[in-house]
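Scroll down for the structure; my scribbles are underneath it.
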Amino acid sequence: MSESTFGSYGGQYVPEALMPALEELEDAYERYVLENEDGFVDEFRERMRDFGGRPTPLQRADRLSERYDSEIYLKREDLVHGGAHKLNNALGQVLLAKYMGKERIIAETGAGQHGTATAMAAAHLDMPCEIYMGRTDVNRQRPNVYRMRMNGAEVNPVEAGRGTLKEAINETMRDWATTVETTHYVIGSVVGPHPFPTMVRDFQSVIGEEAREQIRGQAGRLPDSVVACAGGGSNTMGAFHAFVDDEDVSLYAVEAGGSSLEIDEREGVAPNSATLSTGTDGVLHGAMTKLLQSGDGQIVESHSVSAGLDYAGVGPELSHLVETGRVTPVNVDDEAALNAFHRLSRLEGIIPALESAHALGHVEEAHEDLGDLVVVNVSGRGDKDLETVLEETEKRDLGAAPDVEVFDS
Amino acid sequence: MSESTFGSYGGQYVPEALMPALEELEDAYERYVLENEDGFVDEFRERMRDFGGRPTPLQRADRLSERYDSEIYLKREDLVHGGAHKLNNALGQVLLAKYMGKERIIAETGAGQHGTATAMAAAHLDMPCEIYMGRTDVNRQRPNVYRMRMNGAEVNPVEAGRGTLKEAINETMRDWATTVETTHYVIGSVVGPHPFPTMVRDFQSVIGEEAREQIRGQAGRLPDSVVACAGGGSNTMGAFHAFVDDEDVSLYAVEAGGSSLEIDEREGVAPNSATLSTGTDGVLHGAMTKLLQSGDGQIVESHSVSAGLDYAGVGPELSHLVETGRVTPVNVDDEAALNAFHRLSRLEGIIPALESAHALGHVEEAHEDLGDLVVVNVSGRGDKDLETVLEETEKRDLGAAPDVEVFDS
Amino acid sequence: MNTDSEIERAIRENHPALITYLTAGDPSLEETKAYVEALDRGGADLIELGLPFSEPIAEGPTIQAAINRALEAGTTPERFFELVDDLEVEAPLLVMTYYNMILQYGSGAEPRSAERDATEPQNGPDPEPFVERAAETGLAGIIVPDLPAEEAAPLRAACDERGLDLVFIVAPTTNGERLDRIMSQASGFAYVQARLGTTGARADVSSATHDSLARLEEYDVPKAVGFGVSEGEHAREIVEAGADGVIVGSALIDIVAESETPVADLEAKACELKGGAERGANAPEPEQP
Amino acid sequence: MNTDSEIERAIRENHPALITYLTAGDPSLEETKAYVEALDRGGADLIELGLPFSEPIAEGPTIQAAINRALEAGTTPERFFELVDDLEVEAPLLVMTYYNMILQYGSGAEPRSAERDATEPQNGPDPEPFVERAAETGLAGIIVPDLPAEEAAPLRAACDERGLDLVFIVAPTTNGERLDRIMSQASGFAYVQARLGTTGARADVSSATHDSLARLEEYDVPKAVGFGVSEGEHAREIVEAGADGVIVGSALIDIVAESETPVADLEAKACELKGGAERGANAPEPEQP
Ligand SMILES: Cc1ncc(COP(=O)(O)O)c(C=O)c1O
Ligand SMILES: Cc1ncc(COP(=O)(O)O)c(C=O)c1O
């Protein structure tokens with residue numbers, strides 16, 4: 001059996017009703033993913049190539065390299081079908097569900113990136129699919145809702161609580177607890193009960209595997225640092241995994257610093273999502289990991305300008321790698337992320353996801369510590385973030401931002 | 001000197017002031033593009049790989065293949081950076097302008113796809129860039145305007161006429177006539193005066209070159225048909241060029257049938273953009289080609305639900321290939337294109353551009369004539385079209401459309 | 001198996017037993033006190049009190065809403081224990097809560113704040129302090145809906161040390177091998193989940209209940225069935241099918257949320273449910289599935 | 001070179017010549033008739049009449065707007081020719097239009113419509129019918145802003161056959177080799193484009209004008225300078241720089257668009273411009289760049 005924990009993190013803290021499904025999934029994961037039974041891995045790779053657009057390039061960022069007087073390479077996950085690394089995992093899981101004989105797919109989504117990736121994968125593999133999404137998120141992420149509907153997925157608004165990602169996850173767990181025999185729950189990051197964190201990491205680790213080979217080919221050696229943003233941490237673990245044993249490669253997980261690192265206990269709100277830097281150990285959504293919580297153990301509402309980082313938990317493996325010192329947790333606040341968004345758009349002609357902009361923001365802030373050869377994971381594209389960026393940019397006086405005053409008055 | 005005409009089409013019908021620039025461009029095209037002087041072609045290919053994400057996959061569409069009882073392969077230009085084939089050309093031209101020592105880039109755009117591609121390429125290559133866009137288009141294509149601004153391009157709204165693509169082209173020509181010594185005009189399709197149609201085709205022909213090799217590898221032989229939508233015709237010629245000498249491969253250029261094939265002469269409006277099927281010969285924007293025009297020679301306003309096909313002219317080489325019978329012009333109306341948009345989204349998990357949906361609509365309508373092995377060019381992704389599709393879908397009763405009633409009432 | 005178990009005794013002695021659930025602090029701790037005492041009067045043999053957690057993934061809409069009301073009313077673990085201390089009831093009390101609440105209690109874990117010195121040592125999450133405090137207040141047992149047998153060892157150990165029961169849920173999906181694993185750790189009673197899904201009142205008794213009870217027959221522990229029990233008639237059917245008790249939650253919370261005379265109605269409801277259970281026990285011929 | 005050219009004669013005989021441009025049909029053909037006759041009275045030696053085309057890529061905003069007004073007023077090639085037929089002026093007339101208008105005239109090309117049989121033969125686009133009709137109405141020449149020398153052979157041949165001049169534009173970017181190519185086909189006069197860009201009134205005379213006139217010196221053809229000429233004073237400078245004529249368009253269209261007494265103002269403006277040109281011709285010493 002595969003290890004269910006990473007040091008003291010991980011595990012399977014779920015209702016008993018789900019445990020048999022986790023055992024079944026663990027078994028399927030071991031047979032199909034680890035042992036390539038029935039050629040699962042071959043089919044997965046082939047579909048990620050033809051449908052997903054892999055491999056993605058590793059691109060030297062000429063103007064950033066000049067700016068920082070070092071070699072900056074971008075891993076271009078923004079070019080994956082759907083616009084983010086999320087498909088690597090979604091396609092892997094939907095395909096696995098198919099191999100397992102499941103008849104239905106459910107998933108949660110916050111900003112909608114994982115939901116759209118899952119809907120795409122489910123359409124591609126002809127699986128009925130329902131996506132849970134908080135009411136607030138449904139109303140503010142319409143384009144992603146449209147995309148899911150176009151791909152034939154049902155979108156179920158979750159009215160509970162503040163209507164964001166946390167509530168959507170809770171509700172998807174509830175659906176799963178009811179339908180577990182026929183349904184696979186496609187978790188969207190390296191979170192949740194074992195075997196999800198390990199399995200999602202394995203589906204995402206193609207990022208780092210490609211990047212490692214590419215940087216050796218293009219720069220002739222391994223990088224000094226790999227930098228990736230971390231919400232749940234799937235692009236992060238995906239980018240890091242292949243480098244974990246390369247001790248000379250520093251790994252930076254960049255979290256959302258939001259507007260401040262202080263928690264407002266009374267309101268139950270953290271104005272950030274910097275779980276790895278400021279969180280404490282606890283159990284959320286099936287795993288022991290670092291959390292943003294009150295002293296009593298209530299989970300607080302996280303915040304980030306970037307919806308995809310806006311989560312109070314983080315993958316248990318990342319918690320472990322931070323605890324052991326292998327991964328360095330850092331954070332970048334909303335404003336620095338917005339500036340990084342504008343900077344990459346203007347200097348390199350790549351509009352990054354706001355999530356990815358956090359990774360780029362860290363390079364701006366700390367490039368002197370990152371060595372001469374740096375790989376930054378551009379986990380997704382920023383088309384989805386244009387409205388947010390405009391709104392948030394208007395509220396601030398950002399050095400790197402253009403004005404957009406070309407519209408009719 | 002390269003041929004300036006294709007049979008009786010093509011040529012250089014521009015103000016004298018621009019002729020020296022066209023000569024200079026022709027010379028640069030021959031040296032850099034045809035003869036790879038200073039390694040231009042190598043640099044172009046490398047940047048299209050690392051920045052642009054080439055090669056794009058050729059994907060077997062499993063469910064369409066089943067539906068049509070034949071082998072349907074999709075050329076996935078929707079995965080190119082920026083979301084459409086447009087970057088192939090924009091990057092080529094901006095790079096060429098750089099080799100030529102030009103200091104400034106201008107371009108026209110309709111829906112904004114060519115404008116965003118050009119803005120991305122210009123940012124990537126550090127060239128100042130201005131995009132002309134009709135006032136109507138500026139106001140209805142805000143996300144693309146934002147993207148161009150984010151990439152640091154100026155966007156100049158054109159107030160003349162109905163404020164759409166035709167007026168934007170006219171205005172860009174006027175800018176060029178003023179600034180021709182320092183400025184390169186990046187035309188967005190295989191239109192305009194020589195050498196643009198030839199040069200743009202060459203930049204785009206990577207589509208067909210890849211597809212030809214891929215289909216031989218994946219299906220073991222050349223296809224029976226290649227199907228591509230045609231606005232100006234750049235994705236079309238890009239997809240066809242490598243197959244033109246393969247006489248057994250049928251080539252279908254799918255134009256926008258709009259709402260009707262009849263022209264309203266009194267209003268000067270064609271409710272379609274089916275230039276190749278219904279147009280007559282004349283001169284527009286620098287070239288002799290097929291046009292939508294009144295009996296007097298006034299250009300009429302074209303129409304299509306898809307902004308990128310909404311153009312009254314077409315590339316002269318396509319006019320020639322249609323005239324000689326090598327390319328078969330067909331058309332697909334708004335409704336069939338919308339249905340095809342929904343069908344691909346739902347069946348394959350790929351949301352195509354509305355332009356590309358026309359090509360797919362033709363496969364639906366005529367699959368029995370296309371043979372057993374068909375390559376369809378998916379020229380771009382449809383994220384940009386979601387609002388339009390929703391609006392247009394609401395007006396109709398479309399078989400293939402989902403409902404999207406999940407929003408708060 | 002903790003044979004001195006107060007809980008087990010309460011079930012066996014009051015067979016067939018009525019087990020009731022309310023969320024503590026919904027809509028206030030004072031009211032919860034009155035409600036619990038009413039249930040006790042009405043015939044509840046065991047009382048589960050929910051300590052609210054912000055992410056109640058196993059609950060249906062009714063209990064979710066109750067938890068939200070309780071959190072908004074400022075229910076904290078400490079106030080919860082004070083309530084338990086205050087309660088004057090005959091039925092033994094259990095706490096039902098999610099594992100993170102148990103882990104954090106008294107762990108000293110504090111989110112980073114301006115006042116906290118980041119280098120100040122913190123205890124890791126640990127179930128000990130919670131169990132200690134629970135024992136102090138006289139709680140008889142603990143139910144943790146997100147703690148399967150595989151992860152239960154630390155809490156099991158702490159409960160053993162303090163003489164508390166740790167109740168496990170047996171689901172319709174629980175297969176033979178898992179059943180052994182669960183039953184080897186369970187004490188008090190086996191919480192038989194009547195159907196897949198979350199908590200919530202429903203109109204019928206599922207066939208899964210019969211199957212589960214049959215599979216549990218060989219284990220010498222009281223079996224109580226919950227998830228969806230809302231009426232005396234259900235209680236009757238369940239007991240008739242072989243259960244030693246019925247567990248009712250959402251149906252009571254509906255009264256808390258909607259009734260104008262909740263104290264009286266809760267007492268009456270308890271009475272109806274207990275009556276139904278008893279009718280089931282006295283049925284001439286236990287139905288076989 | 002067409003030495004019998006009526007146009008060339010008009011320029012040489014009226015040296016320095018004033019050449020005026022108006023868009024036919026702006027705001028109506030009747031008004032254009034009155035305006036053209038006013039310019040003729042005011043001193044215009046050659047009159048260019050624009051036949052409006054929907055895509056005037058070489059024009060600045062002023063003439064674009066005039067063309068839009070003319071199209072909205074329903075100006076067609078046939079009505080244009082009727083106007084020319086009707087005009088009573090001394091100055092020879094030229095038509096200025098885009099090449100597509102010339103190609104389509106009388107070509108029988110019809111857009112597909114329900115009534116048209118798709119198999120019905122059509123003539124290809126052909127400049128002949130246009131030139132024939134132009135000659136019939138007494139037009140003396142043609143200027144086509146989007147027809148460079150390279151593409152001019154068919155129109156050149158048609159013009160030669162009917163005795164019309166085909167006037168070419170020489171741009172500031174036109175280099176030596178191109179100049180030869182152009183001048184070998186040009187007749188009537190060389191239209192010297194004063195600066196890069198589009199048509200439109202501007203406040204100064206560019207240095208490009210001086211350069212262009214110098215380069216053209218060796219060619220034995222009248223040189224007229226246009227693009228941006230708006231005042232008598234410009235006309236003077238240009239003629240002083242060696243031009244045989246000045247071409248004025250946008251400044252006149254401003255009067256058409258804005259004046260309350262356009263007929264009188266156009267006549268006066270022509271008079272001012274002609275006067276300026278004449279002052280330039282009488283200047284003691286032609287300025288050298
Ligand atoms: C583009 C992008 N990057 C990063 C993330 C964060 O998720 P993770 O930390 O699991 O990679 C998201 C989540 O939606 C995302 O869309
Ligand atoms: C995705 C896409 N396909 C096709 C077209 C039509 O252009 P062309 O015919 O030049 O390929 C456009 C134009 O914007 C486009 O964006």
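Chain naming here is simple, since letters A, B, ... match the order of the sequence lines and numbering starts at 1 in each. Predicted, not measured: the structure shown is a model, and the values here were computed from it.
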Inset, instruction - Establish, from distance only, whether the side-chain atoms of Gln104(D) and Gln293(B) form a donor-acceptor pair under 3.5 Å. - result: yes
Inset, instruction - Identify the heavy atoms of Phe53(D) and Val283(B) that sit nearest to each other, and give their distance. - result: CZ-O, 4.3 Å
Legend entry - Which of His285(B), Met173(B), Gln12(B) touches chain D most, by non-hydrogen pairs under 4.5 Å: Gln12(B)
Inset, instruction - With a 4.5 angstrom heavy-atom cut-off, could you sort out which part of Glu167(B) is near chain D: side chain, backbone, both or neither? - result: neither
Legend entry - Minimal non-hydrogen separation, Ile57(D) against Arg174(B), with atom names: O-CG, 3.2 Å
Legend entry - Residue, of Glu78(D), Glu151(D), Gln64(D), that accumulates the most heavy atom pairs under 4.5 Å with chain B: Glu151(D)
Legend entry - Interface residue of largest heavy-atom contact number with chain B, from Pro56(D), Ala149(D), Ala58(D), Pro172(D), under 4.5 Å: Pro56(D)
Legend entry - Region of Leu292(B) in contact with chain D, defined by heavy-atom distances below 4.5 Å: neither
Inset, instruction - Find the distance between CD (Glu24(B)) and CG (Asn175(D)) and round it off to the nearest 0.5 Å. - result: 10.5 Å
Inset, instruction - Could you tell me which of Glu59(D), Arg178(D), Met101(D) has the largest number of non-hydrogen atom pairs under 4.5 Å with chain B? - result: Arg178(D)
Legend entry - chain B interface, residue from Val170(D), Asn68(D), Leu147(D), Thr174(D) that has the most non-hydrogen pairs under 4.5 Å: Thr174(D)
Legend entry - Interface moiety of Pro52(D) toward chain B, non-hydrogen atoms closer than 4.5 Å: backbone
Inset, instruction - Provide the closest heavy-atom pair for Tyr13(B) versus Pro148(D) in the form atom of the first, atom of the second, distance. - result: CA-CD, 4.1 Å
Inset, instruction - Determine yes or no for a side-chain-to-main-chain donor-acceptor pair under 3.5 angstrom, with Gln298(B) supplying the side chain and Thr76(D) the backbone. - result: no
Inset, instruction - Against chain B, label Leu71(D) side chain, backbone, both or neither, depending on which of its atoms sit under 4.5 Å from a heavy atom there. - result: side chain
Inset, instruction - Under 4.5 Å, counting heavy-atom pairs only, tell me which of Gly60(D), Ala171(D), Gly197(D) racks up the most with chain B. - result: Gly197(D)
Legend entry - Heavy-atom check, side chain of Glu23(B) versus side chain of Glu150(D), under 4.5 Å: yes
Legend entry - Contact check, side chains of Glu181(B) and Leu196(D), non-hydrogen atoms, under 4.5 Å: yes
Legend entry - Proximal component of Leu291(B), with respect to chain D [non-hydrogen, under 4.5 Å]: side chain
Inset, instruction - Determine the option with the most heavy-atom pairs under 4.5 angstrom with chain D, choosing from Ala270(B), Gly282(B), Gly286(B). - result: Gly282(B)
Legend entry - Asn100(D) and its side-chain contact (heavy atoms from CB on, under 4.5 Å) partner, picked from Asp296(B), Asp281(B), Ile299(B): Ile299(B)
